[in-house]
Amino acid sequence: MTRMQTVIRNARILTLDERDTEYAEADIVISGDKIETLGPAAAKEAGEGARIIDGKGLLAMPGLVNGHFHSPGNFMKGALGNSPLELFMLYEVPPLMDQLASPRFAYVRTMLGCIEMLKQGVTSVHDDCFFVPVVTDDEVDAVMRAYADSGIRATVTLDQPNVPEHQKYPFLKDFLPPHLLKRMSEVRLMTDAELLGCYDRFMATWHGTEAGRLRCAVSCSAPQRVTPAYLQALGRIARERDIPYNMHILETRLQRVLGQENYGKSLIRYVHDMGVLNEQAMVIHSIWVDDDDIALLAGSGCSVAHNPVSNLKIGSGVMPFRRLQKAGINVCIGNDEASTDDGINLWTVAKVAGLVHNIGDPRYDDWPRPVEILTALTSGGAKAMRLPQPSGRLASGFQADIILLDLNSLAFTPLNDLRRQLVYCENGSSVVTAMVGGEIVMENRKLLTVDEEAIKAEARSLAGEFSEYMARCKSAADELEPYYRQMYLKALDTPVGLNRWAGPMVP
């Protein structure tokens with residue numbers, strides 16, 4: 001069978017391959033879902049009947065990979081104020097919440113994020129999808145159906161804690177009054193067996209569907225949020241299937257304290273000792289890590305997801321980017337979620353990633369270079385997703401996940417340095433065409449896979465349901481907030497031997 005060919009002719013090409021190859025004007029020949037060849041005059045190798053895209057005045061580059069994302073936060077732009085993670089999560093995923101989202105709400109919510117990402121040139125997303133209060137087949141299927149319909153490449157987890165809330169934190173149990181401790185202990189939690197059953201169905205139904213565009217991964221949320229047996233069971237699944245294992249580790253200073261108080265070791269050392277820190281591991285945030293932790297991360301072959309805008313919103317601190325990079329750790333970049341990003345713009349995150357580390361280290365030779373940020377946005381994210389086909393670069397044999405940007409846009413006028421302007425000037429508005437696996441999903445800034453206006457209209461119609469949800473969240477959280485504040489302040493008074501904040505400024 002002859003595979004459908006598409007040819008992008010006469011584009012400027014930024015391959016982001018290992019040699020950072022760039023062509024001032026060249027062609028890309030795509031056969032089926034892969035790049036067949038590229039370079040000057042490559043179009044001569046195309047067969048008759050190939051679809052031709054005129055790339056004159058356009059930049060072709062790999063599609064962006066959103067390396068860490070939580071789609072259930074897609075309605076939460078501007079919904080929550082700035083506060084530390086432990087208090088912030090009270091109002092996002094309240095531990096005493098007991099009402100499910102409807103499947104249609106979950107579908108529209110997920111699709112809204114797909115629209116925003118695709119229009120900005122994000123062709124792949126690694127979604128650590130959480131569920132409140134429990135995982136249901138209907139909600140899982142609604143999320144995955146949205147990803148299927150949108151045309152984006154997605155790797156998705158079921159992020160579901162299953163231990164009592166007070167076990168996830170240091171000191172909290174001591175501060176909670178008896179009636180709240182009782183209510184917290186009575187919250188319905190899914191058992192290990194129930195969650196593993198959900199994963200069995202999830203993978204049987206969705207893994208590898210849509211010609212391999214949709215894939216499943218596993219998530220413990222964070223190692224302290226699940227039972228040790230479940231933590232290790234997910235590790236076995238990840239190893240057997242060679243899929244990512246998502247785990248939030250040492251995002252905050254309080255989590256450093258938690259390791260000391262509850263485990264007598266850092267949480268990186270804990271997951272290492274539990275046998276789940278390996279090349280499948282996707283370690284999210286990795287801010288409050290010390291040299292021993294970095295050595296364990298490097299030795300494991302894991303990836304780390306960097307989410308600098310989220311980290312700033314909730315005051316988590318600045319990840320030691322250069323230390324991780326020098327240790328040989330693969331780093332990708334993510335939004336985290338709309339509630340901690342107040343948007344879903346990965347270009348903005350890239351700009352912050354390119355700047356925030358400049359205040360973390362006076363040795364300016366160690367500040368991130370634009371090409372490093374672009375690599376983390378593309379092949380770094382693809383590697384962390386453990387995709388079975390090479391992705392994240394423009395090269396022969398790689399997945400044809402390609403975006404075209406208009407070089408006549410203001411971001412590139414005048415064009416002084418392409419890589420710097422991609423990182424520091426671009427905001428996504430220059431993206432005119434997006435291709436996923438050889439399929440054009442956006443052309444001339446118009447999505448071809450979804451009725452954008454209809455989805456936005458439905459999202460607005462669901463505003464009432466969302467407003468009620470947030471009101472319930474606030475009601476469930478307000479009663480607990482004073483005790484979480486006490487816990488947070490006590491953790492601040494506990495020495496940890498390292499600092500990842502830029503302040504306080506003295507005097």
Side-chain angles (χ1 to χ4, degrees), residues 3-6 8 28 30-35 51-53 58 60-66 69 71-72 74-75 103-127 129 140-156 205-216 335 338 344-347 378 381-382 385 387 389 391-392 399-406 428-462:
R3 305 184 79 184
M4 174 63 185
Q5 283 191 325
T6 301
I8 301 170
I28 305 173
I30 299 140
S31 292
D33 63 348
K34 295 180 180 62
I35 297 170
R51 175 173 182 173
I52 306 297
I53 297 175
L58 303 178
M61 66 175 286
L64 306 190
V65 179
N66 195 344
F69 191 59
S71 64
N74 286 351
F75 273 15
R104 186 62 191 177
F105 184 92
Y107 178 91
V108 173
R109 178 184 67 192
T110 307
M111 186 63 85
L112 196 65
C114 293
I115 290 170
E116 192 159 359
M117 286 187 282
L118 286 170
K119 294 198 77 174
Q120 294 167 2
V122 175
T123 55
S124 298
V125 59
H126 197 154
D127 184 5
C129 190
V140 171
D141 289 346
V143 169
M144 297 306 290
R145 177 47 54 196
Y147 281 129
D149 293 348
S150 73
I152 202 168
R153 189 179 304 283
T155 294
V156 185
T205 305
W206 290 106
H207 190 53
T209 58
E210 299 296 316
R213 181 165 55 80
L214 303 185
R215 292 177 58 80
C216 301
N335 280 115
I344 308 175
N345 191 319
L346 200 57
W347 295 101
T378 52
M385 286 173 71
L387 299 173
Q389 301 295 332
S391 303
Q399 291 275 4
D401 293 357
I402 302 170
I403 57 176
L404 300 177
L405 293 85
D406 181 6
S429 62
S430 303
V431 180
V432 294
T433 296
M435 177 182 291
V436 180
E439 296 290 332
I440 298 173
V441 294
M442 182 176 72
E443 189 170 30
N444 297 323
R445 296 187 172 91
K446 179 176 175 58
L447 290 172
L448 306 182
T449 54
V450 58
D451 186 336
E452 178 183 353
E453 294 306 316
I455 290 293
K456 289 193 295 188
E458 188 170 0
R460 293 187 194 98
S461 75
L462 291 170

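Throughout, residue positions are numbered sequentially from 1 according to the sequence presented. Quantities reported herein were computed from a predicted structural model and do not represent experimental measurements.
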TODO: Search all heavy atoms of C114 against all heavy atoms of A146 and return the closest pair with its distance.
DONE: SG-O, 4.4 Å
Open item on the list: With heavy-atom distances below 4.5 Å as the criterion, would you say the side chains of T6 and M435 are in contact?
Closed with: yes
TODO: Hey, could you give me the CD1/CD1 distance between I30 and I53, rounded to the nearest 0.5 Å?
DONE: 6.5 Å
Task: Pairwise side-chain contact, T205 with V140, heavy-atom cut-off 4.5 Å (strictly under) - done: no
Task: Contact check, side chains of E210 and Y147, non-hydrogen atoms, under 4.5 Å - done: no
Open item on the list: Restricting to non-hydrogen atoms, name the atom on T110 and the atom on S71 that form the minimum distance, rounded to 0.1 Å.
Closed with: OG1-OG, 4.2 Å
TODO: Quick one: pull up CG in D401 and CG in D33 and give me the separation to the nearest 0.5 Å.
DONE: 8.5 Å
TODO: Keeping the roles fixed (side chain from N335, backbone from N66), state whether a donor-acceptor pair exists under 3.5 Å.
DONE: no
Task: Within-4.5 Å side-chain heavy-atom neighbours: K34 and Q389 - done: yes
- [ ] Could you tell me which non-hydrogen atom of A142 sits nearest to which non-hydrogen atom of A106, and how far apart they are?
- [x] CB-CB, 4.1 Å
TODO: Nearest 0.5 Å please: distance from the CD1 atom of I152 over to the CG atom of L214.
DONE: 10.0 Å
TODO: Kindly give the heavy-atom pair with the smallest separation between L64 and Q120, and that separation in Å.
DONE: CD1-O, 4.5 Å
Task: Under 3.5 Å side-chain donor-acceptor pair for E443 and T433 - done: no
- [ ] Please name the pair of heavy atoms, one in Q399 and one in I35, separated by the smallest distance, quoted to 0.1 Å.
- [x] O-CD1, 4.1 Å
Task: Residue from D149, V441, I115 passing side chain to side chain contact (heavy atoms under 4.5 Å, CB included) with V450 - done: I115
TODO: Please round to the nearest 0.5 Å and tell me the distance separating atom CG of D127 and atom CE of M385.
DONE: 10.0 Å
Open item on the list: Between K119 and E452, does any NZ, NE, NH1 or NH2 come within less than 4.0 Å of an OD or OE carboxylate oxygen?
Closed with: yes
TODO: Determine the minimum heavy-atom distance between A60 and I402, stating which atoms define it.
DONE: CB-CG2, 4.4 Å
Task: Under 3.5 Å donor-acceptor, R153 side chain and V65 backbone - done: no
Task: E439 side chain reached by T449 side chain, heavy atoms, under 4.5 Å - done: no
Open item on the list: So F105 and E458, do their side chains get closer than 4.5 Å, heavy atoms only?
Closed with: no
- [ ] Measure the OG-CG distance between S430 and L58 for me, rounded to the nearest 0.5 Å.
- [x] 10.5 Å
Task: Pairwise side-chain contact, E116 with N74, heavy-atom cut-off 4.5 Å (strictly under) - done: no
- [ ] Give, for atom SG of C129 and atom CE of M144, the distance between the pair rounded to the nearest 0.5 Å.
- [x] 9.0 Å
